Amino acid sequence: LESEILIIEDDSAIRRLLTIALEASGFSVRHAANAREGKAAVAMYLPALILLDLGLPDQDGQMLLKDIREWYFKPLIIISARDAESEIIKALDHGANDYITKPFRTAELLARIRVALRQNIKSVSEPLINFDGLEIDFGARIVKKHQLMVKLTATEYALLSLFVKNAGKVLTHQFILREVWGPGYTERTEYPRVFVGQLRKKIEDDSNAPKYIHTESGVGYRFQV
Ligand code: CA
């Protein structure tokens, strides 16, 4: 079902609250109260989106995230009381689409869920693209460099997709933050720099003299082919 959402969260009060809000918005909801149940439910139902808590009783949510991101590519949003920047960056780097700290506003969470689901529809409708040694298969989410597989995190992949879809255009830091991380992240100006750096190391021949991702000083970046 394209409207099925899986909540992996051990706090039953939050599960209940989320279920009411999601069902009222037309989603169907499944629950898991720990990491083991969560992993089994992801494999069994392949939900359209996952809401994942980090503080789970049997395994840290960051580990579970890393684990399921090996084979689950649909949107996943972290809902956690942890608000340390290092924790947020780690989750995004492990492939979370978004990160919402508790206590959260239900309306905002619903808005971010809609954004994540929309972005997913956009990204699966693209064909295969090849630029001079850099090959991207948007259907299969495979990136190759000189015919060798490049392993990208979900965030790096989202960033590369955004650049490719806007090839030739200057993308501002704000635009990149909004599109890749979501509307709540426009102040996180360090994210694009960090993640562009990582992406360059993986796709450029020389990350100090980039051929694909050019820096537009003080403004943002431009993908050029
Ligand atoms: Ca918890």
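Keep in mind that this is a model prediction, so the values were computed, not measured. Numbering of ligands and ligand atoms starts at 1, following listing order.
- Ion pairing between K102 and E9 holds under the 4.0 Å rule for side-chain N and carboxylate O.
- Nearest approach of I213 to R200, heavy atoms of both residues: O-NH2, 2.8 Å.
- Around the Ca ion (ligand 1), the protein N, O or S atoms found under 3.0 Å comprise D10 OD1, D53 OD2, G55 O.
- Salt bridge annotation for E156-K202: present, with a cationic side-chain nitrogen under 4.0 angstrom from a carboxylate oxygen.
- Electrostatic pairing of D132 and K211 counts as a salt bridge here, judged by a charged N lying under 4.0 Å from a carboxylate O.
- Aromatic ring centres of H173 and Y221: separated by under 6.0 Å.
- At a threshold of 4.5 Å between non-hydrogen side-chain atoms, the residues D10 and D53 count as touching.
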